[in-house]
Amino acid sequence: MPRFQKIAFVASPTGYAREAAAALMRRYDHVPPEEADVVVALGGDGLMLQVLHRFMNHPKPIYGMNRGTVGFLMNEFRDDDLLEHLENAQRSVIHPLVMDVLDTEGRSHRARAINEVYLLRQTHQTAKLKIAVDGNVRLDLLIADGVLVATAAGSTAYNLSVGGPILPLDAKLLALTPISAFRPRRWRGALLPDYARIRIDVLDAPHRPVAAVADHTEFRRVCTVETSLDRATELVLLHDPGHSLDERILREQFG
């Protein structure tokens with residue numbers, strides 16, 4: 001019996017992706033995404049993140065095919081032998097970060113992130129932050145544009161752009177990376193076990209406003225952010241043999 005019985009197709013709004021989806025839907029039987037046991041996503045990494053978020057509460061395997069720009073999380077596009085590719089695909093299981101926020105109005109917010117949670121200054125003034133890990137203050141004062149917590153799956157995205165390390169998928173680590181640190185000038189961040197709970201307090205929040213972002217969900221004028229890995233939620237990405245997420249992250253380390 002085939003590994004997957006019900007396939008759904010989801011495409012980004014670009015003509016390039018929609019044309020590919022239409023061609024595949026003419027060729028293969030398909031169902032609405034909510035009824036599927038596998039979702040084929042056609043677009044770029046942005047679409048992949050959207051689809052993973054869409055099914056966060058009811059996870060199902062996602063097989064991405066690149067019809068976007070970067071496509072780091074995607075497989076090469078093919079319009080033939082899709083069923084064979086799905087049958088032979090390798091699973092990569094990732095867990096999202098959960099971000100709990102308290103803003104300056106006393107309101108609480110929650111969001112999840114597959115790539116990263118970050119804090120970023122909202123004005124011309126630098127942010128002043130205090131960082132604690134598992135209840136212990138590790139940095140009394142970070143003066144910077146912000147700070148970022150990345151998963152292994154997200155370590156090659158914004159984290160890498162601001163000078164953070166690339167993490168192998170099975171490393172069981174989180175990257176804590178400053179964004180344009182001014183003080184301590186030589187602090188380059190930390191590697192933390194993926195069970196760590198990180199708390200970031202915004203110092204002088206009324207006068208130095210800071211935003212908190214979980215992937216594409218943003219909250220403004222925050223005063224406290226706590227984040228940790230949500231181990232109860234398992235997200236499954238499917239990749240062709242030899243092109244697993246582990247392999248892609250490894251390749252990225254060698255340019």
Side-chain angles (χ1 to χ4, degrees), residues 45-59 73 94-135 137-164 174-182 187 189-190 192 194-233 235:
D45 289 345
L47 176 73
M48 176 63 84
L49 290 179
Q50 291 175 23
V51 173
L52 288 168
H53 276 279
R54 177 177 173 180
F55 297 105
M56 186 80 72
N57 295 325
H58 303 284
L73 298 173
I94 60 176
H95 303 281
L97 291 164
V98 60
M99 177 181 77
D100 290 303
V101 172
L102 181 67
D103 67 22
T104 55
E105 300 293 325
R107 296 171 299 195
S108 297
H109 309 276
R110 169 169 281 198
R112 283 178 169 78
I114 294 158
N115 275 354
E116 71 276 312
V117 164
Y118 64 91
L119 282 74
L120 194 66
R121 63 174 177 161
Q122 292 179 219
T123 69
H124 64 281
Q125 290 185 299
T126 54
K128 291 187 174 181
L129 309 171
K130 179 172 71 173
I131 300 174
V133 179
D134 294 328
V137 175
R138 298 295 181 181
L139 202 55
D140 289 304
L141 178 61
L142 170 65
I143 303 175
D145 282 351
V147 69
L148 176 151
V149 179
T151 64
S155 66
T156 60
Y158 190 16
N159 172 71
L160 181 60
S161 296
V162 296
L174 299 174
L176 176 64
T177 305
I179 302 172
S180 301
F182 179 66
W187 190 61
L192 304 175
D194 66 359
Y195 55 78
R197 186 167 188 85
I198 302 157
R199 174 178 170 130
I200 304 165
D201 291 301
V202 180
L203 307 179
D204 198 15
H207 301 103
R208 294 174 178 264
V210 169
V213 182
D215 283 350
H216 51 258
T217 302
E218 178 178 339
F219 304 104
R220 296 209 148 208
R221 294 191 170 273
V222 305
C223 55
T224 301
V225 174
E226 293 191 15
T227 187
S228 59
L229 207 62
D230 177 11
R231 293 178 171 278
T233 301
L235 306 175

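Keep in mind that what you see is a predicted model, and the values were worked out from it rather than measured.
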State which residues pass side-chain contact (heavy atoms from CB on, under 4.5 Å) with [X]; sequence neighbours excluded, sorted by chain then number.
X: Ala153; value: Ile94, Thr151, Leu169, Leu245
X: Asp204; value: Pro206, His207, Arg208
X: Ile143; value: Thr126, Lys128, Leu141, Phe182, Arg183
X: Thr123; value: Gln125, Pro209

Taking every non-hydrogen atom, the tightest pair across [X] and [Y]:
X: Val222; Y: Ala211; value: CG2-C, 4.4 Å
X: Ala127; Y: Asp145; value: CB-O, 4.4 Å
X: Leu235; Y: Pro96; value: CD1-CD, 4.3 Å
X: Ser155; Y: Ala150; value: CA-CB, 4.3 Å
X: Ala111; Y: Thr217; value: CB-CG2, 3.9 Å

Do [X] and [Y] have side chains that get closer than 4.5 Å, going by heavy atoms?
X: Ser228; Y: Val98; answer: yes
X: Glu116; Y: Asn159; answer: no
X: Asp194; Y: Arg231; answer: yes
X: Phe219; Y: Met99; answer: yes
X: His53; Y: Met56; answer: yes

Report task. Could you list the residues that satisfy ring-ring contact (aromatic ring centres under 6.0 Å, His included) with His95, not counting sequence neighbours? Result ->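 Partners of His95 under the ring-ring contact (aromatic ring centres under 6.0 Å, His included) test: none.
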
Requested in this report: Could you tell me which residues satisfy ring-ring contact (aromatic ring centres under 6.0 Å, His included) with Tyr158, sequence neighbours excluded, listed by chain and number?
Outcome: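 Only Tyr118 meet the ring-ring contact (aromatic ring centres under 6.0 Å, His included) criterion with Tyr158.
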
Query raised in the report: With sequence neighbours excluded, what pairs up with Asp201 under the salt bridge (Lys or Arg N to Asp or Glu O under 4.0 Å) test?
Result: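 Scan of Asp201 (salt bridge (Lys or Arg N to Asp or Glu O under 4.0 Å), adjacent residues dropped) gives Arg199.
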
Query - Residues in salt bridge (Lys or Arg N to Asp or Glu O under 4.0 Å) contact with Arg221, at least two apart in sequence or another chain - result: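 Scan of Arg221 (salt bridge (Lys or Arg N to Asp or Glu O under 4.0 Å), adjacent residues dropped) gives none.
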
Can you list everything that forms a side-chain hydrogen bond (donor to acceptor under 3.5 Å, both in side chains) with [X]? Sequence neighbours excluded, please.
X: Thr233; value: Asp230
X: Asn115; value: none
X: Arg138; value: none
X: His109; value: Asp103

**Report entry** Criterion side chain to side chain contact (heavy atoms under 4.5 Å, CB included) against Val147, the qualifying member of Leu120, Val210, Ile200, Val117
**Finding:**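 With Val147 as partner, Leu120, Val210, Ile200, Val117 yield a single side chain to side chain contact (heavy atoms under 4.5 Å, CB included), made by Ile200.
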
Query - Candidates Leu192, Leu139, Leu174 - the one meeting side chain to side chain contact (heavy atoms under 4.5 Å, CB included) with Val133 - result: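 The single option meeting the side chain to side chain contact (heavy atoms under 4.5 Å, CB included) with Val133 is Leu192.
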
Gap between atom [atom2] of [Y] and atom [atom1] of [X] - 0.5 Å precision:
X: Ile131; Y: Leu142; atom1: CD1; atom2: CG; answer: 5.0 Å
X: Leu97; Y: Thr227; atom1: CG; atom2: OG1; answer: 4.0 Å
X: Asp100; Y: Thr224; atom1: CG; atom2: OG1; answer: 11.0 Å
X: Leu129; Y: Asp140; atom1: CG; atom2: CG; answer: 12.5 Å

